[in-house]
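See below for the structure under consideration.
Sequence lines set the chain letters: A, B, ... in the order given, protein chains first and strands last, and positions in each chain run from 1.
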There are 2 protein chains.
Amino acid sequence: MRNTDSIIRRAEKLCASRGTRLTKKRKYVLTGLLESDKALSAYELIDVCKEKYDEDIPAMSVYRILEFLQSEYLVHKLNTASKYASCANIDDDKVGCYSQFLICRSCSKVKEVGLKPSMMAELQATVQDASFKLVNPQLEMNCLCEDCV
Amino acid sequence: MRNTDSIIRRAEKLCASRGTRLTKKRKYVLTGLLESDKALSAYELIDVCKEKYDEDIPAMSVYRILEFLQSEYLVHKLNTASKYASCANIDDDKVGCYSQFLICRSCSKVKEVGLKPSMMAELQATVQDASFKLVNPQLEMNCLCEDCV
DNA sequence: AATTTGGATGTTATAATGTAACATCAGCTC
DNA sequence: GAGCTGATGTTACATTATAACATCCAAATT
Ligand SMILES: [Zn+2]
Ligand SMILES: [Zn+2]
Ligand SMILES: [Zn+2]
Ligand SMILES: [Zn+2]
């Protein structure tokens with residue numbers, strides 16, 4: 001069960017164990033993403049923080065906070081959408097492992113699914129055959145969700 | 001062998017057969033992409049057309065031309081990079097089939113590789129299990145090329 | 001308690017990517 | 001030539017993102 005408060009507490013401990021801090025504003029941004037089943041842009045997150053917490057966070061800060069949350073493996077950036085989503089695995093032990101993201105091109109609803117090792121291996125092989133090096137195996141799939149089909 | 005002129009002639013015929021026209025400016029943009037092994041942004045293409053053909057094409061037109069070239073299956077948009085690349089299969093009969101793109105995050109060098117049917121099937125299955133519908137199976141992989149590692 | 005210090009945040013300006021709305025142009029048909 | 005259609009131009013603006021520099025704040029040290 002993804003209870004926001006318990007996830008936030010877990011995230012706080014994770015950060016503490018790494019010597020970083022989950023500050024109030026960082027919590028607001030993370031909570032905004034946790035409580036959304038859609039990926040949100042930085043500017044949408046500004047609006048969410050204003051509306052739900054009456055907190056004005058400038059764009060620059062939101063970008064920095066998102067970068068921090070990514071570095072802590074709490075949030076993913078979906079490059080094809082230029083939006084951000086909380087990691088579906090925050091509350092278990094798979095945090096940081098590789099995923100594919102099904103992204104609704106219409107409403108930005110996102111589902112994060114683990115990338116099968118066999119798939120991962122195939123992708124790796126293709127990349128190596130082409131003399132490239134895989135930096136980040138995150139797969140983003142251009143989809144429509146069931147509400148939008 | 002990817003000879004620009006012969007590809008352009010082929011592209012002209014393709015367009016003609018569909019009742020569209022490969023105009024001078026569309027040729028310039030397509031040629032710019034064909035002769036680059038790196039994906040280019042719309043604004044980089046403006047510069048290329050200016051430098052190589054002394055042709056000033058406004059941003060709006062370049063975006064429209066890129067959209068046209070995509071609709072003719074001559075060009076791909078790489079969403080993770082916000083850049084564009086000519087289709088590696090223009091000169092054979094695989095035009096329009098599904099691909100994965102290895103994109104160097106450092107220099108934008110791109111390699112387009114056919115997506116194996118088995119992979120395609122696995123991806124489809126994952127998407128369906130999640131009650132999503134796959135709109136475009138294009139895979140973009142965040143890589144480093146051999147020059148940039 | 002006051003000081004120091006480094007990380008977090010604020011401010012301002014600007015870059016890069018992309019689109020909407022409306023005007024004009026160029027090539028074809030009649 | 002008149003009229004039509006698709007292609008291009010113009011202007012304005014929206015969205016996403018970063019650089020550079022200033023300030024704040026909380027925890028540790030004195
Ligand atoms: Zn995740
Ligand atoms: Zn949707
Ligand atoms: Zn292609
Ligand atoms: Zn490279």
Once you round to the nearest 0.5 Å, how far does CG of Leu22(B) lie from CG of Leu14(B)?
9.5 Å
Residue pairs fulfilling salt bridge (charged side-chain N to carboxylate O under 4.0 Å, His left out) with at least one residue in residues 27-38 of chain A, sequence neighbours excluded:
Glu12(A)-Lys27(A), Glu35(A)-Lys52(A)
For residues 132-145 of chain A, run the donor-acceptor check on the side chains, cut-off 3.5 Å, and write out each pair with its distance to 0.1 Å, sequence neighbours left out.
unit_1	atom_1	unit_2	atom_2	d
Asn136(A)	OD1	Gln138(A)	N	3.0
Gln138(A)	NE2	Lys77(A)	O	2.8
Gln138(A)	NE2	Glu140(A)	OE2	3.0
Glu140(A)	OE1	Asn79(A)	N	3.1
Glu140(A)	OE1	Thr80(A)	N	2.7
Glu140(A)	OE1	Thr80(A)	OG1	2.6
Glu140(A)	OE2	Asn79(A)	N	2.9
Asn142(A)	OD1	Arg105(A)	NE	3.1

For Phe68(A), check ring-ring contact (aromatic ring centres under 6.0 Å, His included) against everything at least two apart and list the hits.
none
Which of residues 31-44 of chain A sit near DNA chain C, with a heavy atom under 4.0 Å from it?
none
Any chance you could measure Ile57(A), atom CD1, to Leu45(A), atom CG, to the nearest 0.5 Å?
8.5 Å
Listing request: all salt bridge (charged side-chain N to carboxylate O under 4.0 Å, His left out) pairs with a residue in residues 115-129 of chain B, at least two apart in sequence or in separate chains.
Lys116(A)-Glu122(B), Glu122(A)-Lys116(B)
Where along nucleotides 25-30 of chain C does protein come under 4.0 Å, by heavy atom, of base (B) or sugar-phosphate alone (S), with - for untouched nucleotides?
------
Contacting residues from residues 54-67 of chain A, given that a heavy atom lies under 4.0 angstrom of DNA chain D
Met60(A), Tyr63(A)
Gap between atoms NZ and P, on Lys25(A) and dT9(C) respectively (whole Å):
7 Å
Closest non-hydrogen atom pair, Lys109(A) against Asp147(A):
NZ-OD2, 3.8 Å
Check DNA chain C against residues 77-84 of chain B and give the residues with a non-hydrogen atom under 4.0 Å, in numerical order.
Lys77(B), Ser82(B), Tyr84(B)
The remaining residues in the hydrophobic cluster of Leu78(B), counting side-chain heavy-atom contacts under 4.5 Å among Ile, Leu, Val, Met, Phe, Trp and Tyr, are Phe101(B), Ile103(B), Val110(B)
Determine whether the side chains of His76(A) and Glu112(A) contain a donor N or O and an acceptor N or O closer than 3.5 Å.
yes
Within a strict 4.5 Å, meaning less than it, do heavy atoms of the Ile90(A) and Leu30(A) side chains meet?
yes
Shared-cluster residues of Met60(A), by chain and number - hydrophobic side chains joined below 4.5 Å
none
Side-chain touch Val62(A)/Cys49(A), heavy atoms, less than 4.5 angstrom:
no
So which residues get pulled into Tyr53(A)'s cluster when ILVMFWY side chains under 4.5 Å apart are joined, directly or through others?
Tyr28(A)
Can you tell me which residue among Arg26(A), Lys25(A), Lys50(A) is in a salt bridge (charged side-chain N to carboxylate O under 4.0 Å, His left out) with Glu55(A)?
Lys25(A)
Supply the atom-to-atom distance Ile46(A) CD1 to Leu40(A) CG, rounded to the nearest 0.5 angstrom.
11.5 Å
Does Thr20(A) place a side-chain N or O at less than 4.0 Å from the phosphate oxygens OP1/OP2 of dG7(C)?
no
Using the heavy-atom set of chain A and a strict 4.0 Å cut-off, write down the first and last nucleotide of DNA chain D that makes it in, 5' to 3'.
dT16(D) to dA26(D)
